[in-house]
Each structure stands twice: as structure tokens, then as C-alpha cells.
Amino acid sequence: MNLLNEIADKYPQAISMAAGRPYEEFFDVKLIHEYLDAFCDHLRRDRGMDDAGVTRTLFQYGTTKGVIGDLIARHLAEDEDIYIDPASVVVTVGFQEGIFLVLRALRASERDVLLAPAPTYVGLSGAALLAEMPVWPVRSTEHGIDIGHLLEQVKVAREQGLRVRGCYLTPNFANPTGVSLDLATRHRLLEIAESTGLLLLEDNAYGLFGAERLPALKALDRAGHVVYLGSFAKSGMPGARVGYVVADQPLTSNGSDAGEFADALSKLKGMLTVNTSPIAQAVIGGKLLLHDYSLARANAREAAVYRRNLGHTLDALTRRLGDCPGVSWNSPTGGFFITVTVPFAVDDALLEHAARDFGVLFTPMHHFYGGTDSAAGGINQLRLSISLLTPELIEEGVARLAALIGSRLTAPR
């Protein structure tokens with residue numbers, strides 16, 4: 001992110017097809033006040049608070065688990081067919097705190113490792129680094145995580161005396177690839193989790209933004225093998241920095257009940273950020289209340305924009321690059337991202353060259369493999385983000401990208 005921000009600041013004329021930010025056309029400051037008012041009305045009407053109680057809820061420190069866990073639980077039931085006790089919800093400072101808390105709670109010794117598909121979201125890699133949890137990569141295919149390699153990695157780790165503490169997954173429109181897991185693969189992952197004791201860490205930031213919505217792993221889970229990580233950055237308001245973890249797995253200590261995994265996360269959070277801003281939670285809570293707990297309904301306009309932008313980008317790529325030898329791309333059915341493959345190295349130097357001389361930004365895919373050279377993987381791929389742009393900017397951005405690619409294909413070796 002620092003690299004992209006630095007280059008964007010250095011070349012402000014460049015069209016950015018790099019940042020996975022939500023569409024901004026519908027942002028309106030007045031909505032913040034409407035959401036706050038709705039949440040305050042909820043506190044009076046549904047929780048029986050007087051004005052002093054409402055004021056205290058917004059202005060004072062809140063409970064560590066958060067003040068909107070019940071609203072999140074109703075949202076999950078409404079939009080995802082996930083039914084949980086609100087006490088299993090820990091409201092976090094964005095997804096990033098949530099994944100760090102989970103990894104730090106799971107990390108008990110140097111024997112512990114985490115599995116994750118390669119390529120994977122850089123936020124996961126960063127949190128794992130801070131939590132001192134080594135990440136073992138699992139190969140990806142055009143359809144998502146390679147199940148055979150996943151089983152192989154579990155076996156190899158255990159043969160080496162290591163403990164596989166979990167496997168991170170983004171089943172819907174993954175960042176960076178845009179790939180989704182089909183229904184059969186989701187069921188197979190749950191079977192593997194049950195047979196091996198593997199914990200699945202499900203990241204569902206983009207699930208609302210597709211032509212087809214498949215059930216979340218958590219909705220299919222009947223044995224308690226899925227920890228669900230949610231974020232309101234794409235569907236609520238990125239500036240609020242509110243995420244959450246659903247961790248209803250039971251814990252035991254010396255053979256007796258020790259509460260739920262959510263309680264362990266809450267203890268860690270109390271030492272890290274104390275609590276998530278109640279005002280930020282109130283804004284998100286008000287948005288849920290005003291849309292009857294459904295973010296699918298709340299984001300209907302945005303989802304339509306993302307579908308339009310995705311289709312427009314795929315069409316522009318076909319028109320501009322369809323006849324270029326060695327150039328290809330995948331065709332996600334939703335989300336923010338497209339993966340483009342080219343017959344030359346896509347490194348950070350090429351990114352700066354693209355911004356300076358062609359006026360277009362993208363994300364080199366090698367960053368999502370955790371390395372900077374050809375051995376790391378993804379060196380001949382780039383990620384395009386379609387979320388923030390208008391059709392006109394997409395058309396111009398793809399034209400500039402095509403000019404860059406054409407110049408590389410015709411350049412002397």
C-alpha cells in the first residue's frame with residue numbers, strides 16, 4: 001500500500017487501477033448523521049436507555065466485544081443465513097485487527113503454522129508476521145485453492161512435528177485473484193476441516209458484490225470449524241474502520257468449560273485497542289438499522305456499479321488486448337479484481353514506468369506471493385481493480401495499459 005500511495009502521489013495524472021477502494025459517488029456526509037440518529041433511536045426504543053445512557057454509550061469507553069454485536073448477528077442471519085449468538089461476536093478495528101487477534105490467539109509455540117493460498121491478501125501476511133505465525137503457501141488453481149496440495153501441506157507439516165493452526169480463505173471474489181470457490185469445493189473444505197481438525201478462517205469482504213451469491217463457509221458449517229471474519233470497509237463505510245470476528249468455538253481448560261474463542265479474542269483486544277470506537281460502531285449500526293439489517297439491500301447501487309465496471313473492464317480488455325500473444329486474464333463473476341497474465345516481468349520498476357510514461361497504475365502480483373523475484377511467483381501477472389472508476393476512466397485506463405503492454409511486446413529483447 002505504501003508503494004502504491006507513493007507512486008500515485010508522484011504521478012497524480014495516472015489512472016489508478018490498483019487500489020481496491022469502494023466506489024465514492026454515493027458518499028454523503030449527511031448519511032453519517034442519519035446513521036447516528038437511527039442508532040440513538042434504537043438505544044432509546046429497543047434498549048430502553050434514557051438520554052444520559054445514549055450519551056454515555058457514544059462518548060465513553062464501550063465494552064471490549066462491542067456495542068453492535070446483536071445488530072451484526074441479525075445482519076448475518078438476514079444476508080448470509082448465518083445464525084449465531086451475539087456473544088460470539090467481537091467488533092474490531094477493521095478486518096486487520098480481527099485477523100491479528102485470531103492469529104495471535106492461535107499462536108502458542110514455535111511449532112505453529114498457518115496455511116493460506118498463494119497468492120493471498122497482503123494484510124493476512126502482515127498480520128501473520130506480527131503474530132510470529134509462519135504462513136505455508138498452498139497452490140492455487142484457476143478455480144481457487146488446490147485441495148490436493150492443501151492436504152499435502154497438512155501432512156508434511158505434521159510429519160515435521162508442526163501444528164497447522166488454521167487455513168485462511170476468501171471463498172468469494174478473493175483479493176487479489178477475483179476467484180471464487182464453487183459449492184462442491186466449499187463442502188469438501190468443510191469435510192477436510194472435520195476429518196483433520198483444521199480451523200478455517202473465512203474472510204468474506206466481497207461476498208455481496210457478485211452476480212451469483214454462494215453460501216458462506218460459516219453458513220454451511222455444522223461442526224464449528226469456521227471462524228468468520230467480517231468487514232464493513234467495502235459494504236458499510238471504510239472510514240469507520242469497523243470489522244468483526246465470529247468465533248463461537250468452545251474452549252476448555254483442564255477439561256472444563258472455558259467459554260468461547262470469542263472470549264479469548266476479547267481478552268487480547270482489551271490489551272491491544274481496549275475497544276472499537278463506539279461512535280464508529282454507531283454509524284455502522286445505524287446503517288444496518290435503516291436497511292432492516294441487510295447490507296445486500298443497502299449496497300444495491302454499489303453492487304450494480306461493480307457489476308457494470310467488471311463487465312466494462314473485461315470487454316475493454318478483449319477489445320484492446322484480445323489479439324496480443326501471451327496476454328490473458330481471468331473472468332471473475334463479481335468482486336473488485338481481475339488478474340492479467342503477460343509474457344514479461346511485472347515488477348515495481350515496470351509499475352513506475354507505467355505511471356510515469358503511460359499514466360496508468362496497477363498492482364504487481366508478486367507482492368501477494370510474499371516476494372520480489374521470479375522465485376516468489378506471480379512475476380508475470382498484475383492485478384486490476386475495477387471498483388473506484390467510471391466507465392470512461394476504465395476505457396482510458398485499459399487503453400493506456402494496452403499501450404504499455406504493446407510497447408513491451410515489441411521492444412527488443
Side-chain angles (χ1 to χ4, degrees), residues 1-4 17-21 95-96 99 103 113-130 133-150 152-153 164 166-182 185 189 200-207 209 217 229 231 234 310 313 317 327-348 350-351 354 361-387 401:
M1 290 303 298
N2 287 336
L3 171 70
L4 293 176
M17 303 187 77
R21 297 182 176 184
F95 166 88
Q96 204 59 37
I99 189 62
L103 296 183
V113 298
L114 177 75
L115 302 182
T120 199
Y121 171 53
V122 292
L124 178 278
S125 305
L129 184 65
L130 291 177
M133 179 82 84
V135 178
W136 279 33
V138 180
R139 284 194 299 265
S140 294
T141 72
E142 59 182 310
H143 305 295
I145 194 166
D146 185 324
I147 294 292
H149 193 231
L150 170 66
E152 181 183 327
Q153 290 288 67
V164 179
C167 179
Y168 168 83
L169 294 158
T170 308
N172 300 308
F173 318 121
N175 181 6
T177 61
V179 172
S180 295
L181 302 178
D182 61 29
T185 301
L189 281 166
L200 303 178
L201 312 182
E202 179 178 20
D203 175 3
N204 194 22
Y206 305 95
F209 306 123
L217 290 171
L229 294 122
S231 170
K234 307 301 188 289
L310 181 61
T313 307
L317 287 170
V327 179
S328 62
W329 52 89
N330 63 348
S331 298
T333 58
F336 286 13
F337 308 111
I338 297 169
T339 302
V340 179
T341 301
V342 294
F344 50 82
V346 181
D347 53 18
D348 296 348
L350 181 67
L351 172 61
L361 289 170
F362 47 79
T363 308
M365 282 286 283
H366 70 78
H367 287 284
F368 301 98
Y369 286 84
T372 57
D373 55 30
S374 58
I379 197 65
N380 66 328
Q381 292 181 316
L382 57 94
R383 187 196 74 176
L384 297 181
S385 176
I386 56 87
S387 56
L401 177 66

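Atom set for the values below is all heavy atoms of this structure, side chains included, hydrogens, waters and symmetry mates excluded. As the structure is a prediction and not an experimental result, all values here were calculated from the model.
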Worked verdict on Leu382 versus Leu401 for side-chain contact (heavy atoms from CB on, under 4.5 Å): CA-CA 11 Å; Leu382 57 94; Leu401 177 66; 4.3 Å; yes
Trp136 vs Val164, side-chain contact (heavy atoms from CB on, under 4.5 Å): CA-CA, chis, key distance, verdict: CA-CA 9 Å; Trp136 279 33; Val164 179; over 6 Å; no
Derivation of the side-chain contact (heavy atoms from CB on, under 4.5 Å) call for Phe368 and Gln381: CA-CA 11 Å; Phe368 301 98; Gln381 292 181 316; over 6 Å; no
Check against side-chain contact (heavy atoms from CB on, under 4.5 Å), Ile145 and Arg139: CA-CA 6 Å; Ile145 194 166; Arg139 284 194 299 265; over 6 Å; no
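Side-chain contact between Val340 and Met365 is absent, with no heavy-atom pair separated by less than 4.5 Å. Within the 4.5 Å cutoff, the side chain of Phe336 has no heavy atoms near those of the Arg21 side chain. Residues Leu4 and Leu351 form a side-chain contact, since some pair of their non-hydrogen atoms from C-beta on lies under 4.5 Å apart. Between Glu152 and Val138 the shortest side-chain heavy-atom distance does not fall below 4.5 Å. A heavy-atom distance below 4.5 Å is not found between the side chains of Met17 and Ile338. Between Leu169 and Asp203, the closest side-chain pair of non-hydrogen atoms is not below 4.5 Å. With a 4.5 Å cut-off on side-chain heavy atoms, Leu201 and Cys167 do not count as touching. Looking only at side-chain heavy atoms (C-beta outward), Leu229 and Asn204 stay at 4.5 Å or farther from each other.
A donor-acceptor pair under 3.5 Å is formed between the side chain of Thr177 and the backbone N or O of Val179. No donor-acceptor distance shorter than 3.5 angstrom exists from the side chain of Thr341 to the backbone of Trp329, with no hydrogens or angles considered. Under a 3.5 Å cut-off, the side chain of Gln153 and the backbone N or O of Pro137 do form a donor-acceptor pair.
Tested against Leu384, the residues Leu317, Thr363, Thr339 include a single side chain to side chain contact (heavy atoms under 4.5 Å, CB included) partner, Leu317. When the options Tyr121, Phe173, Phe337 are evaluated for a ring pair (Phe, Tyr, Trp, His ring centres under 6.0 Å) with Tyr206, the one that passes is Phe337. The one candidate from Leu129, Val135, Leu130, Leu114 that meets the side chain to side chain contact (heavy atoms under 4.5 Å, CB included) condition with Leu103 is Leu114.
If you take NE2 on His366 and CG on Asn380, they are separated by 11.5 Å, rounding to the nearest 0.5 Å. Between the OG1 atom of Thr185 and the CG atom of Leu150 there is a distance of 11.0 Å, given to the nearest 0.5 Å. In this structure, NE2 on His149 lies 9.5 Å from CG on Leu115, to the nearest 0.5 angstrom.
Among all heavy-atom pairs drawn from Ile386 and Gly335, the shortest one is CD1-O, 3.6 Å. Minimum interatomic distance between Ser385 and Gly20 (heavy atoms only, all atoms of both residues): OG-CA, 3.5 Å. The two residues Phe209 and Lys234 come nearest to each other via the heavy atoms CZ-O, 3.7 Å. Scanning all heavy atoms of the two residues, the minimum distance from Gly334 to Leu310 falls at N-CD2, 3.5 Å. Scanning both residues, Pro364 and Asp347, for their nearest heavy atoms gives CG-O, 4.0 Å. When all heavy atoms of Gly178 and Pro332 are compared, the pair lying nearest together is O-CB, 3.3 Å.
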